[in-house]
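Sequence lines set the chain letters: A, B, ... in the order given, protein chains first and strands last, and positions in each chain run from 1. Since we're looking at a predicted model, the values are computed, not measured.
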There are 2 protein chains.
Amino acid sequence: MPKAKPVTDTTTEEKIKHAAREVFHQKGYAATRTRDIAEAAGINLALLNYYYRSKEKLFDIIMMETMQSFMGTIIMVINDNDTSLQQKMELLAERYIDLFKVEPEIPLFVMIELRSNAKNLLEHIRPKEFLMQSVFAKQFQQAIQDGKIPPQPFLHFMMNLMGMIIFPFVAAPMFKNIGELNDQQYLSVIEERKKMIPLWIKATMKAKS
Amino acid sequence: MPKAKPVTDTTTEEKIKHAAREVFHQKGYAATRTRDIAEAAGINLALLNYYYRSKEKLFDIIMMETMQSFMGTIIMVINDNDTSLQQKMELLAERYIDLFKVEPEIPLFVMIELRSNAKNLLEHIRPKEFLMQSVFAKQFQQAIQDGKIPPQPFLHFMMNLMGMIIFPFVAAPMFKNIGELNDQQYLSVIEERKKMIPLWIKATMKAKS
DNA sequence: GTCTATAACGTGATAGAC
DNA sequence: GTCTATCACGTTATAGAC
């Protein structure tokens with residue numbers, strides 16, 4: 001069981017939110033009981049409602065902050081004018097893997113919530129707008145025009161890149177079993193991928209379409 | 001909303017199980033109410049308990065059958081002595097994509113269940129045993145010994161292959177939004193990947209480690 | 001086998017003492 | 001602010017008529 005970040009947890013309000021983040025991430029909205037959160041926070045159930053009104057309101061806060069972690073990572077990287085396409089891929093792999101090393105449940109949590117609440121979430125975060133108009137996307141198209149890579153759909157490229165980064169976290173139990181690895185060993189395997197993913201992706205981009 | 005396979009649904013017992021499979025896949029165990037299943041099956045709630053005793057027992061059956069779909073696909077392919085490594089990759093991409101086109105919720109469902117019930121499920125299906133001792137794994141090692149590909153970990157190869165196949169289904173809402181695609185269009189994008197994935201994977205295998 | 005009515009239980013939320 | 005006790009409600013499961 002991976003622990004979330006080392007936090008001081010000063011106020012009761014923060015203790016509750018911190019516990020909620022962990023429990024919601026691990027079990028999802030429907031399966032977590034407010035009593036689980038209260039217990040994890042070491043406080044009484046009534047306090048949860050005192051500070052956050054309801055389970056749903058608390059969840060919305062966690063959801064928003066989690067999406068911010070998830071999207072913030074990519075946003076900071078893909079619109080930097082001073083990095084190349086190749087460097088952006090390296091940064092994406094590095095930043096995401098570092099994020100998920102601390103909170104490995106985020107990817108699956110986000111995918112589940114996107115399924116059950118796609119419409120709401122997507123029109124709020126608008127991945128299409130900021131991704132397709134990013135420097136990253138433009139550099140990709142430029143590389144094609146410059147003949148550096150063959151013409152190919154940006155979507156497949158993104159699926160492969162994000163899949164290589166994220167999928168090992170989504171399917172961690174399976175791969176840990178296959179490789180007979182404990183949590184720590186598994187993380188060091190994933191650490192290797194930081195360097196490899198950009199090379200692999202580069203190779204796929206040159207493959208004939 | 002993707003529909004599950006066209007089925008005759010003869011008996012009441014089958015109608016219930018078919019409805020349960022759909023609802024459990026779409027919403028997960030905790031979020032589905034037995035009433036949802038009864039309604040989807042067009043029967044009364046009491047009948048569900050009459051045939052399957054409890055929500056949990058019904059779920060266990062669905063889980064088992066789903067894992068069978070999931071693992072059965074790979075098992076049939078990876079131990080065939082008459083196909084090459086390359087052909088096996090092609091078959092895996094084709095079979096899995098065909099399966100998930102019919103029931104796109106399976107991948108996320110399986111990942112969620114593996115998270116919340118890893119120990120039980122994994123010691124029952126033992127992916128490590130049958131995968132690592134498969135003809136597929138042996139052919140992979142042989143290709144390295146023959147100098148056809150550089151030495152590299154089988155686990156990374158599997159992560160990349162399975163990730164390319166499965167991840168687009170797990171993160172479908174996100175990619176549909178990015179590409180502005182409806183369900184049908186999205187499936188035809190994924191269909192393209194059947195041919196491309198083996199080429200991409202081949203390219204990654206030749207990249208320097 | 002299939003239904004209606006209801007029992008038994010778990011969970012979210014609140015009242016009210018301190 | 002924090003607690004205990006309790007309410008109100010939804011859900012699983014069953015009893016019993018047909």
Next item on the list: Name all residues meeting the ring-ring contact (aromatic ring centres under 6.0 Å, His included) criterion together with B:F100; count only those two or more places apart in sequence or in a different chain, and write none if there are none.
Entry: B:Y96, B:F169
Margin query: Test of understanding: with side chain to side chain donor-acceptor pair (under 3.5 Å), list the residues that count as partners of B:K55, not counting sequence neighbours.
Written below: none
Item checked: Where protein sits on nucleotides 12-18 of chain C, one letter per nucleotide: B base, S sugar-phosphate only, - none, heavy atoms under 4.0 Å -> BBBB---
Notebook entry, point to check: B:Y51 near the nucleic acid: base, sugar-phosphate alone, or nothing, with a heavy-atom cut-off under 4.0 Å?
Noted result: sugar-phosphate
Next item on the list: Kindly write out the residues that satisfy side chain to side chain donor-acceptor pair (under 3.5 Å) with B:S84, not counting sequence neighbours, or none if the list is empty.
Entry: B:Q87
Check: Looking at residues at least two apart in the chain, or sitting in another chain, which of them share a ring-ring contact (aromatic ring centres under 6.0 Å, His included) with B:F136?
Finding: B:F157
Next item on the list: Using the test side chain to side chain donor-acceptor pair (under 3.5 Å), find all partners of B:E129 that sit at least two apart in sequence or belong to another chain.
Entry: none
Checklist line | Nearest-angstrom distance from the residue atom CD1 of B:I16 to C1' of D:dA13 | finding: 14 Å
Item checked: Euclidean distance, atom CD1 of residue B:I43 to atom C1' of C:dG1 [Å, nearest integer] -> 11 Å
Next item on the list: Would you tell me if any nitrogen or oxygen in the side chain of B:T12 comes within less than 4.0 Å of OP1 or OP2 on C:dG1?
Entry: no
Note to self: Just the rounded figure in Å: distance from P of C:dT11 to CG of A:D36.
What the structure shows: 8 Å
Check: Does a side-chain N-to-carboxylate-O contact under 4.0 Å join A:K194 and A:E191?
Finding: yes
